[in-house]
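Everything below concerns the one structure shown next.
Residues take their numbers from the sequence shown, with the count starting at 1. As the structure is a prediction and not an experimental result, all values here were calculated from the model.
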Amino acid sequence: RRFSWRQLADTVARCAAGLQDLGVGAGDIVAVQLPNWWEFVVVALAANRIGAVVNPLMPIFRERELSYMLGFAGAKVLVVPKVFRGFDHAAMAHGLQRELPNLRQVVVVDGDGGDGFESLLLSGTRRVEPAQPPRLAPDAMAVVMFTSGTTGSPKGVMHSHNTLLACNRALAGRFGLSGDDVLLACSPLGHMTGYAAVMLLGISLGATVVLQDVWEARRGVTIMADEGVTFTAASTPFLSDICEAVAAGAPRPAALRNFLCGGA
């Protein structure tokens with residue numbers, strides 16, 4: 001699915017109203033455990049528009065990690081896929097809801113019941129436009145993202161609108177990026193690399209952002225070639241996979257200028 005900026009803006013405005021109708025307001029936590037799907041982008045932008053805080057969650061997390069993270073953050077809404085890579089996220093989310101008193105609503109992407117994403121968040125006619133209150137304080141918390149918790153419980157890292165914008169400006173300047181660039185989000189949006197260093201970076205530039213939900217190297221390289229991708233960011237295995245795929249005959253991503261490599 002492809003969105004123009006106008007279509008994205010309209011969808012975000014409707015989703016922001018839908019979140020308000022669920023009782024979400026300034027400072028509330030909206031947790032999003034989605035793959036790199038367009039719904040992730042819409043919910044994140046809509047939550048921030050009404051002053052809520054986005055809590056991105058990796059799709060690989062299960063009950064043990066989620067019960068801690070959702071409980072610690074006090075998430076009010078959790079957005080999940082119905083099924084992703086053969087796992088029933090909706091059933092897990094509803095099971096967790098019974099244990100977490102602050103979690104008022106589970107929203108299911110591709111859900112066909114009363115908890116469905118389309119019916120809950122996009123079916124209304126009301127819109128929240130950018131000029132409407134509340135005015136966002138630049139230093140207010142915009143995102144809380146948990147670390148992996150390798151040696152203990154995960155830590156909730158807090159980012160404000162200012163810190164995220166500073167990250168975007170620094171990356172755009174260092175890599176010489178503009179609205180003419182095409183960014184590939186193959187690193188999960190549930191991780192700061194995919195969320196800030198690709199998705200938000202592309203949005204702040206007014207550039208094109210392409211989402212790949214399941215990393216498969218040949219498919220990724222083909223997307224890069226077909227869409228004219230100029231920038232992406234991911235960990236070292238992705239870079240190795242890209243090189244090996246091209247060596248094995250995959251299309252060469254000729255427009256790719258920059259790969260922001262972190263980790264490992």
Side-chain angles (χ1 to χ4, degrees), residues 3 5-34 37-57 66 69-80 93 97 100-107 109 115 117-146 155-169 189-192 194-206 209:
F3 287 85
W5 283 102
R6 186 180 298 278
Q7 289 168 332
L8 178 63
D10 177 70
T11 308
V12 168
R14 287 189 289 134
C15 185
L19 288 172
Q20 284 183 335
D21 291 342
L22 293 180
V24 177
D28 288 334
I29 305 293
V30 176
V32 187
Q33 193 193 27
L34 290 176
W37 293 351
W38 65 265
E39 292 92 346
F40 195 130
V41 181
V42 167
V43 171
L45 296 178
N48 277 170
R49 178 168 293 185
I50 60 174
V53 179
V54 184
N55 173 210
L57 297 164
L66 291 175
M69 294 174 182
L70 295 169
F72 188 86
K76 181 178 281 189
V77 172
L78 171 62
V79 185
V80 298
Q97 188 179 15
L100 299 169
N102 290 323
L103 186 57
R104 297 186 186 177
Q105 183 69 57
V106 170
V107 179
V109 173
D115 58 1
F117 174 84
E118 295 279 345
S119 61
L120 278 178
L121 297 182
L122 296 183
S123 62
T125 57
R126 191 170 67 86
R127 289 162 169 75
V128 179
E129 301 297 345
Q132 292 175 245
R135 286 183 62 84
L136 301 180
D139 288 319
M141 187 162 62
V143 172
V144 57
M145 186 173 292
F146 284 90
K155 289 81 176 172
V157 179
M158 298 176 288
H159 273 280
S160 69
H161 299 282
N162 262 341
T163 59
L164 291 168
L165 186 59
C167 169
N168 289 162
R169 285 177 172 172
L189 300 183
H191 187 277
M192 192 53 77
Y195 191 91
V198 182
M199 183 191 86
L200 285 184
L201 175 59
I203 289 168
S204 71
L205 291 167
V209 180

Looking at residues at least two apart in the chain, or sitting in another chain, which of them share a side chain to side chain contact (heavy atoms under 4.5 Å, CB included) with V107?
-> L22, V77, V79, Q105, F117, L120, L121
Name all residues meeting the salt bridge (Lys or Arg N to Asp or Glu O under 4.0 Å) criterion together with R14; count only those two or more places apart in sequence or in a different chain, and write none if there are none.
-> D10
Please report the shortest heavy-atom distance between A31 and A75, naming the atom on each side.
-> CB-CB, 4.1 Å
Which side-chain hydrogen bond (donor to acceptor under 3.5 Å, both in side chains) pairs, counting each pair once, include a residue from residues 44-57, with sequence neighbours left out?
-> none
Out of curiosity, Y195 OH to H159 NE2, how far, rounded to the nearest 0.5 Å?
-> 10.5 Å
Would you name the heavy atoms of P56 and F40 that are closest together and state the gap between them?
-> CB-CZ, 3.8 Å
Rounded distance [0.5 Å steps], CE in M69 versus CG in L100 | 13.0 Å
All heavy atoms of V41 vs all of I203, minimum pair found to be CG1-CD1, 3.9 Å
Who passes side chain to side chain contact (heavy atoms under 4.5 Å, CB included) against Q97, sequence neighbours left out?
-> H94, L103, V106
Set of residues satisfying side chain to side chain donor-acceptor pair (under 3.5 Å) with respect to E118, sequence neighbours excluded = none
Residues forming a salt bridge (Lys or Arg N to Asp or Glu O under 4.0 Å) with D28, sequence neighbours excluded | K76
Of all heavy-atom pairs between L164 and A196, which one has the smallest distance, and what is that distance?
-> CD2-CB, 4.2 Å
Residue pair V30 / A52: nearest heavy atoms and the distance that separates them | CG2-CB, 4.2 Å
Identify, with sequence neighbours excluded, every residue that meets side chain to side chain contact (heavy atoms under 4.5 Å, CB included) alongside F72.
-> Y68, F146
Specify the closest pair of heavy atoms between G202 and V209, including all atoms of both residues, with the distance to one decimal.
-> CA-CG2, 3.7 Å
Could you give the distance from CG (L45) to CG (L8), rounded to the nearest 0.5 Å?
-> 6.0 Å
Who passes side chain to side chain donor-acceptor pair (under 3.5 Å) against R104, sequence neighbours left out?
-> none
Considering only heavy atoms from C-beta outward, does the side chain of L78 approach that of L57 to under 4.5 Å?
-> yes
Side chain to side chain contact (heavy atoms under 4.5 Å, CB included) between I29 and V53, worked out | CA-CA 5 Å; I29 305 293; V53 179; 3.6 Å; yes
Pairs where residues 15-24 contributes a residue and the test salt bridge (Lys or Arg N to Asp or Glu O under 4.0 Å) is met, not counting sequence neighbours | D21-R126
Using the test side chain to side chain contact (heavy atoms under 4.5 Å, CB included), find all partners of L201 that sit at least two apart in sequence or belong to another chain.
-> N168, L171, A172, L177, L183, S204, L205, F231
